[in-house]
Asker: 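First, the structure itself, so that you have it in front of you.
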Amino acid sequence: MSSEKKKKIKPQRPRGFEDLSGNDLTELNRLRDSIQKTYSLYGFDALETGIIEYSDVIGSFLPDQDRPNEGVFSFEDDDNKWVSLRYDLTSGLARYVAENYDSLPKPYRRYQSGWVFRNEKPGPGRFRQFFQIDADSIGSDNPLSDAEMCMMFSDAIESTGIERGDYVIRLNNRKILDGLIDSLNISGNKSGSDINLAIMRSIDKLDRLGLKGVEQLLGEGRKDESGDYTKGAGLENSSIKEILLFLEHGIDSKNLNRKKSLENLSKQFGSNDIFSEAIEELDQISSIIDVAGYDEKRIIVDPSVVRGLGYYTGPVYEADLTFNIETDDSIEKFGSVGGGGRYDDLITRLKGARVPSAGISVGVSRLSSALKYLKKQNINKEKLSVVVLVMDKEKRSLYYKIASQLRSAGIPSECYVGDGGMKAQLKYADKRQARLALILGEDEEASSSITIKDLMAGKEASGEILDNEEWRSGKVSQKTVSLDSLVEEIKTLLEL
RNA sequence: GCAGCUAUAGCUCAGUUGGUUAGAGCGCCUGGUUGUGGACCAGGAGGUCCUUAGUUCAAAUCUAAGUAGCUGUACCA
């Protein structure tokens, strides 16, 4: 006996994976639909690609070890080829574009949503499987496509029910930071170098760690709450000062209009070539969205945005929720719900030729919990459903006929399909959160009527019942009606 | 990866300086009520006290290692 028990496998879902049901699932679908509808309004095409790609295509390479790359779920297929679960939707897009390059319209603009997988340590609000909704524009160098991304981003977020003022699109350019770091004359620095990336990473943590944390990371290093130590970039004090000054300006400029903000920036570091180029690009984007009527309530210039260290090459955008979230012991910023930017070199790897591109990606779980917090989600939206009880198993066909009639009238209805008695069936209906139970037994049959039991009303009444006799009767919230008028009665009852 | 914390019933947790049969609330099941879910009453099932080794007359309790989880941090093409 005990050995048998030992064999019983503990039902446990892998960490970082979620089961979705009920309201959460409905909400996911709703968000996906409204965002995709926005993308579609802009003229983007829908695309689906598989969730598995060849590992080398996905951008990883086979090292000498057994596993291709950290962070990616990978395995060998029958042909001894390494395949991987997609870690984002861009990799599939890149492959698709390179494969069908000649037949696609250029620029090619498409949207896609789906689950992506990362084999990483999950944390609060971070999963190993999560849902992304992307839109990308392939094959355009034009600032118009960046501007379009920002505007569409803003529209998409508003379409989910988040109101203007509760979010903002922060626009920046990677070249601004490149220019800044370039002007510091740090030895060994160039775009993509270790020291360059270390600085970028430190700046990226401004939101979470604040100016002080960034200062520590740029210098010697930083100790976290648990006592663990992170080694810093080791810059000289003068350089750190410059960067911090710049970041402070970034914080200030959030409150300025875009034009003013860009003017200030160019005054501050105008002499650097890379920097000037960045300002010029941002200026063009800003003019386009100005004319289109997207003001600073929706899109701001914020020089502290870093985004995806790897493949972004120009303008970057991030959607931030601006309200605070109050937890038990602290008040935190809700933070980013998605982002994107220009990546001019990504498809080059698969295609050879340079393919300038820009894209955005929205993470749905964050957005969903934000909406839940704002109470915009339709929580416990009253479900309209009816369970027809099986009182006499011989007469099942009759019950099915009733359920079928109700369905024709647009009322979701089901017949109990289990083996339990009446008590068990009502328990079932209760757990299903059905609104009504229909009872047609001997009593009702004799008068060709049917009893409608309002489960919600009964539940409410139950708190007031103290007398056991009254309880026993169980008839507080019931109504017996003629079988012919059933549909009408239900419609009046539910105010349809 | 690094660091800190934690591990007792399905869930949330209590368990005294190491002491005899390990508890509570919720949930679940049964009955009160063979035609009534949800209130109420009565009863019941459910435990490798994470694993292994050690200390001890005696370990859920102390020690060590391992494992898993949580939190922070790092990484995240």
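Note that the structure is predicted; figures quoted are calculated from it, not measured. Throughout, a chain's letter reflects where its sequence line sits, starting with A, and its residues are numbered from 1.
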Asker: Find every protein N or O atom lying less than 3.5 Å from an N or O atom of nucleotides 8-11 of chain B, and list the pairs.
Answerer:
none

Asker: With heavy atoms under 4.0 Å as the rule, sort A:Leu346 into base, sugar-phosphate or nothing.
Answerer: nothing

Asker: Starting the side chain at C-beta, find the nucleotide from B:rC75, B:rG35, B:rG37 nearest to A:Lys459.
Answerer: B:rG37

Asker: Could you state the OH-P distance from A:Tyr428 to B:rG35, rounded to the nearest angstrom?
Answerer: 20 Å

Asker: Please list, for nucleotides 2-6 of chain B, all pairs of protein and nucleotide N/O atoms separated by less than 3.5 Å.
Answerer:
unit_1	atom_1	unit_2	atom_2	d
B:rC2	O2'	A:Asp228	OD1	2.8
B:rC2	O2	A:Asp228	OD2	2.6
B:rA3	O2'	A:Ser226	O	2.7
B:rA3	N3	A:Ser226	OG	3.2

Asker: Distance alone, cut at 3.5 Å: any donor-acceptor contact between the side chains of A:Glu27 and A:Ser368?
Answerer: no

Asker: Name all residues meeting the side chain to side chain contact (heavy atoms under 4.5 Å, CB included) criterion together with A:Thr451; count only those two or more places apart in sequence or in a different chain, and write none if there are none.
Answerer: A:Ile439, A:Glu444, A:Gln478, A:Thr480

Asker: Is a side-chain donor-acceptor pair under 3.5 Å present for A:Tyr317 with A:Asn172?
Answerer: no

Asker: Side chain of A:Arg15, heavy atoms from C-beta onward: which of B:rA77, B:rC70, B:rC76 has the nearest atom to it?
Answerer: B:rC70

Asker: Mind checking what makes salt bridge (charged side-chain N to carboxylate O under 4.0 Å, His left out) contact with A:Asp454, not counting sequence neighbours?
Answerer: A:Arg435

Asker: Respond yes when some side-chain nitrogen or oxygen of A:Arg201 is under 4.0 Å from OP1 or OP2 of B:rA74, and no when none is.
Answerer: no

Asker: Quote, to the nearest angstrom, the C1' distance that separates B:rG15 from B:rU21.
Answerer: 15 Å

Asker: In whole angstroms, how far is the P atom of B:rA74 from the CG atom of A:Asp204?
Answerer: 10 Å

Asker: Confirm from the modelled atom types if A:Glu444 and B:rG35 form a donor-acceptor pair under 3.5 Å, side chain to base only.
Answerer: yes

Asker: A:Tyr399: what forms a ring pair (Phe, Tyr, Trp, His ring centres under 6.0 Å) with it, not counting sequence neighbours?
Answerer: none

Asker: Nearest whole angstrom, please: distance from the P of B:rU33 to the NZ of A:Lys427.
Answerer: 16 Å

Asker: Ignoring hydrogens and angles, answer whether the base of B:rU36 and the side-chain atoms of A:Gln478 contain a donor-acceptor pair closer than 3.5 Å.
Answerer: yes

Asker: Touch check for A:Arg222, heavy atoms < 4.0 angstrom, all strands: base, sugar-phosphate only, or nothing?
Answerer: sugar-phosphate

Asker: Check every strand shown and say whether A:Arg208 touches a base, only sugar-phosphate, or nothing at a heavy-atom separation below 4.0 Å.
Answerer: sugar-phosphate

Asker: Return the value, rounded to whole Å, for the distance between atom CD of A:Gln132 and atom C1' of B:rC76.
Answerer: 12 Å

Asker: Using the P atom as the point on both nucleotides, what is the distance between B:rG23 and B:rC40, in whole Å?
Answerer: 26 Å

Asker: Could I get the full list of salt bridge (charged side-chain N to carboxylate O under 4.0 Å, His left out) partners for A:Glu48, not counting sequence neighbours?
Answerer: none

Asker: I'd like to check the side chain to side chain contact (heavy atoms under 4.5 Å, CB included) partners of A:Asn100; sequence neighbours left out, ordered by chain and number.
Answerer: A:Tyr96, A:Ser103, A:Leu104

Asker: What residues form a side chain to side chain contact (heavy atoms under 4.5 Å, CB included) with A:Asp344, not counting sequence neighbours?
Answerer: A:Asp141, A:Thr313, A:Arg342, A:Arg354, A:Pro356

Asker: Are side-chain N/O atoms of A:Ser74 and A:Ser84 paired as donor and acceptor at under 3.5 Å?
Answerer: yes

Asker: Within less than 4.0 Å of OP1 or OP2 of B:rU36, is there a side-chain N or O belonging to A:Lys423?
Answerer: no

Asker: Indicate yes or no for a side-chain donor-acceptor contact from A:Arg86 to the backbone of A:Thr49 under 3.5 Å, with no hydrogens or angles considered.
Answerer: yes

Asker: Salt bridge (charged side-chain N to carboxylate O under 4.0 Å, His left out) with A:Asp484: which residues, sequence neighbours excluded?
Answerer: none

Asker: What interatomic distance, in whole Å, is found between P of B:rU16 and the corresponding atom of B:rU52?
Answerer: 23 Å

Asker: For A:Lys205, answer base if it contacts any base atom (sugar-phosphate contacts may also be present), sugar-phosphate if it contacts only those atoms, and nothing otherwise; contact means non-hydrogen atoms under 4.0 Å.
Answerer: sugar-phosphate

Asker: To the side chain of A:Met391, which of B:rC75, B:rG35, B:rA77 is closest?
Answerer: B:rG35

Asker: Not counting sequence neighbours, which residues clear salt bridge (charged side-chain N to carboxylate O under 4.0 Å, His left out) with A:Glu248? List them please.
Answerer: none

Asker: Quick check on RNA chain B: between A:Ala457 and A:Leu440, whose nearest nucleotide comes earlier from the 5' end?
Answerer: A:Leu440

Asker: Can you list the steps and then say if A:Arg110 with A:Gln112 is a side chain to side chain donor-acceptor pair (under 3.5 Å)?
Answerer: CA-CA 7 Å; A:Arg110 73 86 242 224; A:Gln112 179 173 5; 2.7 Å; yes

Asker: Could you give the distance separating B:rC29 and B:rA45 at their P atoms, to the nearest angstrom?
Answerer: 16 Å

Asker: State which residues pass side chain to side chain contact (heavy atoms under 4.5 Å, CB included) with A:Thr26; sequence neighbours excluded, sorted by chain then number.
Answerer: none

Asker: Measure the distance from CD on A:Glu445 to P on B:rG35 and round it to the nearest whole Å.
Answerer: 15 Å

Asker: Which value, in whole Å, describes the distance between the P atoms of nucleotides B:rC26 and B:rA22?
Answerer: 22 Å

Asker: Using a 4.0 Å heavy-atom cut-off, does A:Asp443 contact any base of the nucleic acid, only the sugar-phosphate backbone, or nothing at all?
Answerer: base

Asker: Give me the distance, rounded to whole Å, that separates B:rU63 from B:rU55 when you measure between the C1' atoms they each carry.
Answerer: 7 Å

Asker: What integer distance in Å separates A:Phe117:CZ from B:rC76:P?
Answerer: 22 Å

Asker: Can you tell which of B:rU36, B:rC28, B:rA74 lies closest to the side chain of A:Lys453?
Answerer: B:rU36

Asker: Go through B:rA74, B:rC76, B:rG35 for me and flag the one nearest to the A:Glu120 side chain.
Answerer: B:rC76

Asker: According to a 3.5 Å limit on both distances, what stems of 3 or more consecutive Watson-Crick or G-U pairs are formed with RNA chain B?
Answerer: B:1-7 with B:67-73, B:10-13 with B:23-26, B:28-32 with B:40-44, B:50-54 with B:62-66

Asker: Can you measure A:Leu389 atom CG to B:rG37 atom P for me and round it to whole angstrom units?
Answerer: 11 Å

Asker: With the side chain of A:Thr230 defined as its heavy atoms from C-beta on, choose the nearest nucleotide among B:rG37, B:rU73, B:rC75.
Answerer: B:rU73

Asker: If we take the P atom in both B:rG35 and B:rU20, what is their distance in whole Å?
Answerer: 49 Å

Asker: Once you apply a heavy-atom cut-off of 4.0 Å, does A:Glu442 come out as touching a base, just sugar-phosphate, or nothing?
Answerer: base

Asker: Is it the case that B:rC76 (base atoms only) and A:Arg126 (side chain only) share a donor and an acceptor within less than 3.5 Å, ignoring hydrogens and angles?
Answerer: yes

Asker: What's the CG-C1' distance between A:Asp419 and B:rU34, to the nearest Å?
Answerer: 17 Å

Asker: Among the nucleotides B:rC75, B:rA74, B:rA77, which one has an atom lying closest to any side-chain atom of A:Leu209?
Answerer: B:rA74

Asker: Using the P atom on both, measure B:rC2 against B:rA60 and round to a whole Å.
Answerer: 32 Å

Asker: May I ask you to check whether A:Tyr428 and A:Tyr416 place their ring centres under 6.0 Å from each other?
Answerer: yes

